[in-house]
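Below is one structure, written out as structure tokens; the observations come after it.
FYI, the numbering just counts along the sequence from 1. Values below: every heavy atom of this structure, side chains too, minus hydrogens, waters and symmetry copies.
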Amino acid sequence: MKKETYGQYVALFKALSEETRLRIVELLCEGERCGCHLLQEVKITQPTLSYHMKILTGCSLVIGRRDGAWVYYRLNPDQLSVIREFCQDLSSACQESAIQHERSALQ
């Protein structure tokens with residue numbers, strides 16, 4: 001893990017730390033969705049959806065594209081890779097630390 005990217009990690013995990021946004025991300029795992037469909041599926045108002053999408057697009061986890069009056073959203077695979085790599089690095093670091101701790105306890 002690189003300390004210079006902690007800010008990026010914070011923004012991503014903050015975006016995922018709210019139930020409605022997590023539900024939206026889960027829905028977008030199934031593919032691109034129109035904002036109008038997200039409104040119906042998540043059962044929120046347009047201003048509430050706009051608020052959540054601003055956070056999700058602000059950290060680049062979600063990409064929006066306008067098509068006429070509608071906005072279509074999809075997940076950004078590059079940011080998903082950042083999250084996956086962070087979790088893998090964290091897991092590896094924890095495993096290495098546990099192994100070192102066990103070795104020192106045996107000595």
Please answer whether the main-chain N or O of Ala15 pairs with a side-chain N or O of Arg21 as donor and acceptor at a distance below 3.5 Å.
-> yes
Leu16: partners by side-chain contact (heavy atoms from CB on, under 4.5 Å), with sequence neighbours left out =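 Listed in chain order: Leu22, Val25, Leu61, Ile83.
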Only counting residues at least two apart or in another chain, list the ones meeting side chain to side chain donor-acceptor pair (under 3.5 Å) with [X].
X	result
Gln88	none
Thr48	Thr45
Glu32	Arg65
Glu19	none

Is there side-chain contact between Cys87 and Arg84, with at least one heavy-atom pair below 4.5 Å?
->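 Of all side-chain heavy-atom pairs linking Arg84 with Cys87, none is under 4.5 Å.
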How long is the span from the CD1 atom in Ile24 to the CE atom in Met53, to the nearest 0.5 Å?
-> 5.5 Å
To the nearest 0.5 Å, tell me how far Tyr9 OH sits from Asp89 CG.
-> 6.5 Å
Got a sec, which pairs hit salt bridge (Lys or Arg N to Asp or Glu O under 4.0 Å) with one end in residues 50-62, sequence neighbours left out?
-> none
When Leu38 is tested against each of Val71, Leu27, Ile44 for side-chain contact (heavy atoms from CB on, under 4.5 Å), which residue passes?
-> Leu27
Val10, Val82: one ILVMFWY side-chain cluster at the under-4.5 Å cut-off?
-> no
Consider only side-chain heavy atoms of I, L, V, M, F, W and Y, link residues closer than 4.5 Å, and tell whether Val42 and Leu56 are in one cluster.
-> yes
Where at least one partner belongs to residues 69-80, residue pairs that pass side chain to side chain donor-acceptor pair (under 3.5 Å), sequence neighbours excluded | Gln8-Gln79
Any pair counted as ring-ring contact (aromatic ring centres under 6.0 Å, His included), so long as it reaches residues 12-66, sequence neighbours left out = Phe13-Phe86
Quick one: name the residues clustered hydrophobically with Ile63, using the 4.5 Å side-chain heavy-atom rule over I, L, V, M, F, W, Y, and just say none if it's on its own.
->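 Besides Ile63, the hydrophobic cluster comprises nothing; the residue is isolated.
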Donor-acceptor pair between Thr20 and Arg23 side chains, under 3.5 angstrom = no
